[in-house]
Asks: 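The structure under discussion is supplied below as structure tokens; questions concerning it will follow.
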Amino acid sequence: MTIKIYNTLTRKRERFETLEPNKVSMYVCGPTVYDKAHVGHAMSVLVFDIIRRYLEYRGYEVRHVMNYTDVDDKIIQRANIEEVDPYELAERYIKEFREHLDDLNILPATVYPRATEEIDHIIEMVQGLIEKGNAYESEGDVYFFVSSDDDYGKLSGRKLEDAQSGYRIDVDDRKETPMDFALWKASKPGEPAWESPWGLGRPGWHIECSAMSYHHLGEQIDIHGGGNDLVFPHHENEIAQTESLTGKPFARYWVHNGMMQLRGAAMSKSTGNLVTIEEFIAEHEADVLRMMVLNSSYRSPLKFSDETVGHAKRALDRLRSALRPASPGAAGEMPESLAAQITATRQGFSESMDDDFNTAGSLGHLFDLVRAVNQARDHGAAPEILAQAQSLILEFTGVLGLEMERARVDGWSGPGEAAPFVDLLIEVRAELRRQKLWALTDQIRDRLAEHGVIIEDGKEGTTWRWK
RNA sequence: GGCGACGUGGCCAAGUGGCAAGGCAGAGGUCUGCAAAACCUUUAUCAUGGGUUCGAAUCCCAUCGUCGCCUCCA
């Protein structure tokens, strides 16, 4: 089976064929670091983390680059308001973002380039574009000459003629045509600036990604990703720059995730319609957010609300229910139904994932296995029998990046520390049950629940677990 | 106005030509001292109207609606 990926460039699902066998180069656009990141950014990062994990599971060696845009108008503006150095401001939010990546269980990218550390490469690229006649200097600025690029607009399906001059696009005397975009901006006094052949200035937004991708991954890459709000103009312009310079197709597959929606609109820093990652993590496990992403299609909008968060949380609990131990003393054999389901899930999981990373479909197969495991447990299957299915569940949830660990309870460093005491209480309670002292029995159950310990009385005895 | 994506049960959601996955919630049941969990049973003709086809949620056209982009945005 081959993997199929939806390519924004062709608007089709295509067979995934890499430039080099068994190797994938993937560039994903990271955040502009001028403010706290929100769960929409987290969604994007999660989507590409899941894609990367699956590609690695399928045997590819993935070279993964995610950039930080650490110099631009917003950062400078914000830094002026806060009266701090723009570099420091960016540094602060990069540090914070890295902590979020860690909290969210994101595999570290191979490289995290920053625009300010790649100025030489950026200047080199701009110069190359000028030499090739695709860009021109004007009063210390350098612009990309859009008309010099025959197939400009191919990613977003836009035609140059459609863009009405002066309509929502500033008519700027320094530009030859209104659609031209800045590769290099002359700096104003007090702004961060670097020496260049065109005087002091700083890079435009789009060129940094082209330059960093070129530098770290080469002329051509396999996957270029980001949110679908980047399709135009950002990615369109990246294609124009890189392909004009190299004369070769830039990325083989353009992959875009849908937007996370809050109250019916996309989350957005500029409108303040957002929930920060910090806020989310303070209240929920990281797996909950990942589950939200997994249970939907990465290309579709994802609704964020108390209700959808709650759904994900319960779905996670359900997944975990399969990992509970066998009934005390159980010694039953492998039921036919479980054996069959293990095979079916193993196959179905990969088939779904191969189909444009259909994580919701894969979860469906996983839930089928959850039911079969719970069934087998109810019918008294032995621990080592359940373990066969449970290890498969852990294998696949691992591929999806779910940690599956139970939430830690405050005051205990781990379940092991409290275990002897809980066992003792259960022992005492068993005696109380024999004497039918129900009030005391229930009191122990209730009080333990307050401390996060769930007691369940089964046929073969009482089991307990952390909430 | 232009470009694009989408519209599946109470909610979330998979499914791109052949009897409509899965999760949550609801109802009934098994188990239990009660409970919880788990298990069993149960809930849809796929926005609307046309068309293509032996056959369509799946292809085509139109209409309505939602969202994104066209300006910085994952």
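The figures here come from the full heavy-atom set of this structure, side chains too, leaving out hydrogens, waters and symmetry mates. Below, chains carry the letters A, B, ... as their sequence lines are ordered, and counting in each starts from 1.
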Asks: For nucleotides C24(B) and A14(B), find the distance between their C1' atoms and express it as a whole number of Å.
Replies: 15 Å
Asks: Which is true for Ser156(A) with a 4.0 Å heavy-atom rule: it touches a base, it touches only sugar-phosphate, or it touches nothing?
Replies: sugar-phosphate
Asks: Would you give a per-nucleotide map of nucleotides 18-32 of chain B, 5' to 3', where B means the base has a protein non-hydrogen atom under 4.0 Å away, S means only the sugar-phosphate does, and - means neither?
Replies: ---BBBBS-------
Asks: Looking for any heavy atom pair under 4.0 Å, which part of the strands does Met260(A) touch: base, sugar-phosphate only, or nothing?
Replies: base
Asks: Base, sugar-phosphate, or nothing for Leu319(A), non-hydrogen atoms under 4.0 angstrom?
Replies: nothing
Asks: Does Asp378(A) reach a base, just sugar-phosphate, or nothing at all? Heavy atoms under 4.0 Å.
Replies: base
Asks: Rounding to an integer number of angstrom, what distance separates A20(B) and G9(B) when you compare their C1' atoms?
Replies: 10 Å
Asks: So Thr32(A), base contact, sugar-phosphate only, or nothing? Heavy-atom distance under 4.0 Å.
Replies: sugar-phosphate
Asks: Base, sugar-phosphate, or nothing for Gly226(A), non-hydrogen atoms under 4.0 angstrom?
Replies: sugar-phosphate
Asks: Kindly write out the residues that satisfy salt bridge (Lys or Arg N to Asp or Glu O under 4.0 Å) with Arg447(A), not counting sequence neighbours, or none if the list is empty.
Replies: Glu450(A)
Asks: Touch check for Gly30(A), heavy atoms < 4.0 angstrom, all strands: base, sugar-phosphate only, or nothing?
Replies: sugar-phosphate
Asks: By the 4.0 Å heavy-atom rule, please label His379(A) as base, sugar-phosphate, or nothing.
Replies: nothing
Asks: Within less than 4.0 Å of OP1 or OP2 of C40(B), is there a side-chain N or O belonging to Gln375(A)?
Replies: yes
Asks: Could you identify the nucleotide paired to U32(B), looking across every strand shown and requiring Watson-Crick or G-U wobble geometry with both distances under 3.5 Å?
Replies: none
Asks: With respect to the side chain of Phe232(A), which nucleotide from A38(B), U16(B), C69(B) is positioned closest?
Replies: C69(B)
Asks: Using the C1' atom on both, measure G50(B) against C12(B) and round to a whole Å.
Replies: 32 Å
Asks: Among Thr110(A), Leu217(A), Val65(A), which residue meets the side-chain contact (heavy atoms from CB on, under 4.5 Å) test with Ser25(A)?
Replies: Leu217(A)
Asks: Is there a side-chain contact between Tyr93(A) and Pro31(A), using heavy atoms and a 4.5 Å cut-off?
Replies: no
Asks: Counting side-chain heavy atoms from C-beta on, which of C72(B), C34(B), A74(B) comes nearest to Asp229(A)?
Replies: A74(B)
Asks: Need one value for Ala265(A): base, sugar-phosphate or nothing, where a base atom within 4.0 Å counts as base even if backbone is also close, heavy atoms only.
Replies: sugar-phosphate
Asks: Counting Watson-Crick and G-U wobble pairs only, both distances under 3.5 Å, name the nucleotide matched with A44(B), or none.
Replies: none
Asks: In whole angstrom, give me the gap between the P atoms of A57(B) and G49(B).
Replies: 13 Å
Asks: How far does the C1' atom of G2(B) sit from the matching atom of C59(B), given to the nearest Å?
Replies: 26 Å
Asks: Classify Asn228(A) by what it touches in the nucleic acid, base, sugar-phosphate, or nothing, heavy-atom distance under 4.0 Å.
Replies: sugar-phosphate
Asks: Checking base pairs now: Watson-Crick or wobble, both atom distances under 3.5 Å. What partners G18(B)?
Replies: C54(B)
Asks: Let's see if you can work this out: which of A74(B), A37(B), C3(B) has an atom nearest to the side-chain heavy atoms of Arg158(A)?
Replies: C3(B)
Asks: To check you understand the geometry: which heavy-atom pair defines the closest contact between Trp438(A) and Arg433(A), and what is its length?
Replies: CH2-O, 3.8 Å
Asks: Where the side chain of Asp442(A) is defined as all heavy atoms beyond and including C-beta, which of C34(B), A5(B), U16(B) is the nearest nucleotide?
Replies: C34(B)
Asks: Between His235(A) and His256(A), is the ring centroid distance below 6.0 Å?
Replies: yes
Asks: Any idea which of A74(B), C12(B), G33(B) is nearest the Arg429(A) side chain?
Replies: G33(B)
Asks: Can you tell which of C11(B), A37(B), C72(B) lies closest to the side chain of Glu307(A)?
Replies: C11(B)
